[in-house]
Amino acid sequence: MLGAAGLKVPGKLLQDTEGTLPAGPVARYEFSQTGGARTLVYFVPSKDGFVLVSFSAPERDYGALSACVERSLSTLRTW
């Protein structure tokens, strides 16, 4: 999935889960990067493609900022 979007795997996979947003089913991935950063990736399939949301932040800021990203995803709608 990351390769199809032109992205590299951003580090060591810490967690992968499936879930649902108003936009439909999603896959959620969390990665740990060298240097103390973390990356959150959401994959949202649609009938004609997919939406990929990637967010990275330093470890110290990751919790609060990733919570904001996840809250905003509740408004995501696919076409």
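The analysis underlying the following values was restricted to heavy atoms, covering all of them including side chains, and did not include hydrogens, waters or symmetry mates.
- With rounding to the nearest 0.5 Å, the separation of OG in Ser72 from CZ in Phe55 is 10.0 Å.
- Separation of atoms OG1 (Thr75) and CG (Leu21) is listed at 9.5 Å; rounding is to 0.5 Å.
- With rounding to the nearest 0.5 angstrom, the OG atom of Ser56 is 10.0 Å from the CZ atom of Phe31.
- The line from CZ of Arg38 to CG of Asp61 is 12.0 Å long, rounded to the nearest 0.5 Å.
- In this structure, the separation between CG on Leu40 and CD on Glu70 is 5.0 Å, given to the nearest 0.5 Å.
- Residues Pro22 and Ser74 share a closest heavy-atom pair of CG-O, 3.1 Å.
- Interatomic distance, OH of Tyr29 versus OH of Tyr42, reported as 12.0 Å (0.5 Å rounding).
- Side-chain polar atoms of Thr39 and Gln33 form a donor-acceptor pair below 3.5 angstrom.
- Scanning both residues, Pro45 and Pro25, for their nearest heavy atoms gives CD-O, 3.2 Å.
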Residues Phe50, Leu52; criterion side chain to side chain contact (heavy atoms under 4.5 Å, CB included); working and verdict: CA-CA 6 Å; Phe50 62 90; Leu52 189 67; 4.1 Å; yes
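- In this structure, the side chains of Leu76 and Val44 come closer than 4.5 Å at one or more pairs of heavy atoms.
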Side chain to side chain contact (heavy atoms under 4.5 Å, CB included) between Thr20 and Val26, worked out: CA-CA 5 Å; Thr20 306; Val26 299; 6.0 Å; no
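- Linking ILVMFWY residues whenever their side-chain heavy atoms come closer than 4.5 Å, directly or via other members, leaves Leu14 and Leu2 in distinct clusters.
- At most 12 heavy atoms of other shown residues, nucleotides or ligands fall within 6.0 angstrom of atom CD in Glu18.
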